[in-house]
Engineer: 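Next up is a structure, given as structure tokens.
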Amino acid sequence: QGDVAVMNSSGCETLCTTTWGLCDTVIGVLGGGQLGRMLCQAASPMGIKVSVLDPLEDCPAGNIAYHHQVGSFKDMQAVREFAKGCGALTVEIEHVNVETLEALARENVDIEPKPFTIRIIQDKYMQKMHFKKHDVALPEFMKIDSAEEAEEAGKLFGYPLMLKSRRDAYDGRGNAVVESREALPLAISSLGGIERCLYAEKWAPFVKELAIMVARGRDGSIRSFPVVETTHVSNICHTVEAPARIPKEVAELAMQVAERAVGSLSGAGMFGVELFLLKDGNVLLNEVAPRPHNCGHYTIESCFVSQYEQHLRCVLGLPLGDPSMKVPAALMYNILGEADGEEGFTIAHNIMRRAMSVPGASVHWYEKPEIRKQRKMGHITVVGPTAEVVRARMNWIINTKGIQDY
Ligand code: ATP
Ligand code: MG
Ligand code: MG
């Protein structure tokens, strides 16, 4: 069990080496979205206090956190102020003010994963360079600083070509698929222009997308959840199926790639590893998130420990839980806003009502301040005896008017 820096009630720093549960460690999470909310939910039974820093007054984690500081995780002053009330800091989003975290780490504030890891990951190009250096299999990629270099990438990698912005990307916002040389200028401007800092990736002709949630303890030990299969619609995660229906050798290879990638990073916590499975059985890394991840929501109902509880255990240096599945099959479906406002709410509400009448189905609603089209509003997980059964149950739930079939 690692040493955990904690603030006592008078605000001065003390070291808690043994008695977690008796001391008042507050874990501070930068970001109060759905991942922060589910961290708060996992913390509650263990008596762990989670505070969140988020600019939105009514963010998803806001009303269930031990404390919600309204402020931006990109703002130096806000992050510094927030850190004062926390014994350890972690993130639920990587797009945070990493310079401030680095400065705090130099002042011995306990931050997991390490700020350097967050720095590498928040710039996708830097992330790719880092993993290349550590011999992690990746699609080919190159930096693009001019229209000419974009053409060069097209010549080198062919079309379709994937253009990505280096920073602030999520849910595919920051990606553009370029079908031809002629389409390059439009794709570049759709991403905000060359100034936005872009890079290009060779198209990965995957047969499946896989993901693995990898936990890393404070002592560096690694524990992975099972390999899952993911589907994306318009670049946004649509479903996650566990376990992945792939041969054992492929699962082993995927595990090797994921653990190699996480092993090259520093700090404790959950890491979401997204992978491409190619036709020839090869596995390439897409990206890593230094935090709990959408692809790990299913663990709440399906594994002996959830990714959220495991993240907290990692950060606090507690014994890690058993990540294996306690049910034979699970399927997670993201509830996206189908329409803005009231109409979107009615559609989502209908899906949740249907889910509540299905055995093995659990509903998670994030209480976002407003419903917007294509935004993640909640999710449903169905567990059951076989992959076929959970698919059939999920199909019945989501097969209402206006909802795409799974
Ligand atoms: P997230 O919400 O997962 O953080 P993101 O905005 O970071 O998403 P990526 O993970 O880079 O976006 O890409 C989103 C999706 O686009 C991938 O899951 C995959 O379906 C597709 N994709 C990304 N890169 C490639 C590639 N090189 N070749 C083919 N498809 C790709
Ligand atoms: Mg991403
Ligand atoms: Mg991704």
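Please read all numbers here as calculations on a predicted model, not as lab measurements. As the structure lists them, so they are numbered: ligands from 1, and atoms in each ligand from 1. Numbering of residues begins at 1 and proceeds along the displayed sequence.
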Engineer: Assess the side chains of His364 and Gln41: does a donor N or O sit below 3.5 Å from an acceptor N or O?
Structural biologist: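 The criterion, which ignores hydrogens and geometry beyond distance, is not satisfied for Gln41 and His364.
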Engineer: Using distance only, find each side-chain donor-acceptor pair of residues 281-288 under 3.5 Å and give its atom names and separation, not counting sequence neighbours.
Structural biologist:
{"unit_1": "Asn286", "atom_1": "OD1", "unit_2": "Lys164", "atom_2": "NZ", "d": "3.3"}
{"unit_1": "Asn286", "atom_1": "ND2", "unit_2": "Glu274", "atom_2": "OE1", "d": "3.1"}

Engineer: If you count heavy atoms of other groups shown closer than 6.0 angstrom to CE of Met129, is the number above 12?
Structural biologist: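 Not buried by this count: 12 neighbours or fewer within 6.0 Å.
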Engineer: Using a cut-off of 6.0 Å, state whether more than 12 heavy atoms not belonging to Phe157 lie near its atom CZ.
Structural biologist: yes
Engineer: Test salt bridge (charged side-chain N to carboxylate O under 4.0 Å, His left out) on Glu92 and Arg37; report intermediate values, then the result.
Structural biologist: CA-CA 9 Å; Glu92 62 113 53; Arg37 178 184 173 91; over 6 Å; no
Engineer: With sequence neighbours left out, which residue pairs that include part of residues 373-388 fulfil the salt bridge (Lys or Arg N to Asp or Glu O under 4.0 Å) condition?
Structural biologist: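 Qualifying pairs: Asp171-Lys376.
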Engineer: We want to know whether Gln307 and His293 form a side-chain donor-acceptor pair, criterion being a heavy-atom distance below 3.5 angstrom.
Structural biologist: no
Engineer: Heavy-atom count around Phe116 CZ within 6.0 Å, excluding the residue itself: above 12?
Structural biologist: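 At most 12 heavy atoms, drawn from other residues, nucleotides or ligands, come within 6.0 Å of this atom.
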Engineer: Students should find this: residues with any non-hydrogen atom under 4.0 Å from ligand 1. What is the answer?
Structural biologist: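 The answer is Lys124, Met162, Lys164, Ala169, Tyr170, Asp171, Gly172, Asn175, Glu201, Lys202, Trp203, Ala204, Phe206, Glu209, His232, Asn235, Glu274, Phe276, Asn286, Glu287, counting any residue whose heavy atom sits under 4.0 Å from ligand 1.
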Engineer: Just by distance, with hydrogens left out, do His95 and Tyr170 show a side-chain donor and acceptor under 3.5 Å apart?
Structural biologist: no
Engineer: Below 2.8 Å, which protein N, O or S atoms neighbour the Mg ion (ligand 3), ignoring water?
Structural biologist: Glu274 OE1, Glu274 OE2, Glu287 OE2
